[in-house]
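Working notes, beginning with the structure itself.
Excluded from the calculations below are hydrogen atoms, water molecules and symmetry mates; all remaining heavy atoms, backbone and side chain alike, are included.
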Amino acid sequence: TLKTGKYAPEEDEEAVEEPKFSRPEMTKEDKNAVTVITKGTTINGSIISDCSLDVMGTINGDIECLGKLSISGTVVGNAMASEIYINTDRLEGNLTSDGSVKIGLGTVVVGDITGNSAVIAGAVKGEIDINGPVVIDSTAIIKGNVKAKSIQMNNGAVLEGFCSLTSYASLDIDNVFE
């Protein structure tokens, strides 16, 4: 029997339950997937992604990405990802990574950077806190303090701030001088 707008089972038929939607388990292919925000696209709001994200357009909001984050477009907001690569003119916001952070040549970042390793070839105005090695390339300009396990600063780099290697050291430096 067909009733207006909805199927009604005959009296001797069993009603079929509607499927319940649940978030499927991520497969290996899903983890390698990349969401692309193309040039000419503007998003006003935050983004949360289970996969990698390649931003060539504009995002006015925060980004949270479980995979790799690559930004060559415009972002005004904080970014958090497993790895971060920035190669754009300017980014205003803090960068937080579980892995590496790479700031490309000609990129200006205004915000703090946190991660497990970093390579900086552009300019950064903010605090840098890396629980691993930092490479400050010869083209880098940093205005802020750098805290890391190790720092390699190439000839020609500019740093206005303090460098600290003691935060992640396994010794108490004050006991050395007593």
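The two residues G132 and A148 come nearest to each other via the heavy atoms O-CB, 3.5 Å. Residues P133 and N116 approach most closely at CD-O, 3.8 Å, considering heavy atoms. Of all heavy-atom pairs between S82 and S97, the closest is O-OG, 3.0 Å. Summarising the geometry of A81 relative to L69, their closest heavy-atom pair is CB-CB, 3.6 Å, with the distance given to 0.1 Å. Among all heavy-atom pairs drawn from I136 and A157, the shortest one is CG2-CB, 3.8 Å. Looking at every heavy atom in both residues, G144 comes nearest to E127 through CA-OE2, 4.2 Å.
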Exercise. S49 and T35: side chain to side chain contact (heavy atoms under 4.5 Å, CB included), yes or no, with the steps?
Worked result: CA-CA 8 Å; S49 175; T35 300; 4.2 Å; yes
Exercise. Stepwise, does the side chain to side chain contact (heavy atoms under 4.5 Å, CB included) test hold for V146 with I151?
Worked result: CA-CA 9 Å; V146 179; I151 298 174; 3.6 Å; yes
Exercise. Does the side chain to side chain contact (heavy atoms under 4.5 Å, CB included) test come out yes or no for I37 and D54, once each step is laid out?
Worked result: CA-CA 6 Å; I37 309 299; D54 193 355; over 6 Å; no
For this session: Run the numbers on D137 and V119 for side chain to side chain contact (heavy atoms under 4.5 Å, CB included), then give the verdict.
Result: CA-CA 7 Å; D137 206 0; V119 177; 5.6 Å; no
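By the 6.0 Å contact criterion, CG on D89 is open, its count of non-hydrogen atoms from other residues, nucleotides or ligands being 12 or less.
Atom OG1 in T41 sits 9.5 Å away from atom CE in M56 (nearest 0.5 Å). With values rounded to the nearest 0.5 angstrom, I47 atom CD1 is found 10.5 Å from D62 atom CG. T96 OG1 to I63 CD1: the interatomic distance, rounded to the nearest 0.5 Å, is 12.0 Å. For the atom pair NZ of K102 and CD1 of I84, the computed distance is 12.0 Å after rounding to the nearest 0.5 Å. Within the model, atoms CG of L91 and CG of N94 stand 9.5 Å from one another, a figure rounded to the nearest 0.5 Å.
Inter-residue side-chain proximity for T107 and N87 is flagged as met; some heavy-atom pair is nearer than 4.5 Å. A heavy-atom distance below 4.5 Å is not found between the side chains of K147 and I130. By the 4.5 Å heavy-atom criterion applied to side chains, I142 and V158 are not counted as neighbours.
Under the 4.5 Å side-chain contact rule for hydrophobic residues, I141 and V109 do not share a cluster. In the hydrophobic clustering of this structure, Y85 does not group with V55; members are Ile, Leu, Val, Met, Phe, Trp, Tyr whose side-chain heavy atoms approach within less than 4.5 Å, directly or through other members. Taken together through direct or relayed side-chain contacts under 4.5 Å among Ile, Leu, Val, Met, Phe, Trp and Tyr, L159 and I103 form part of one hydrophobic cluster.
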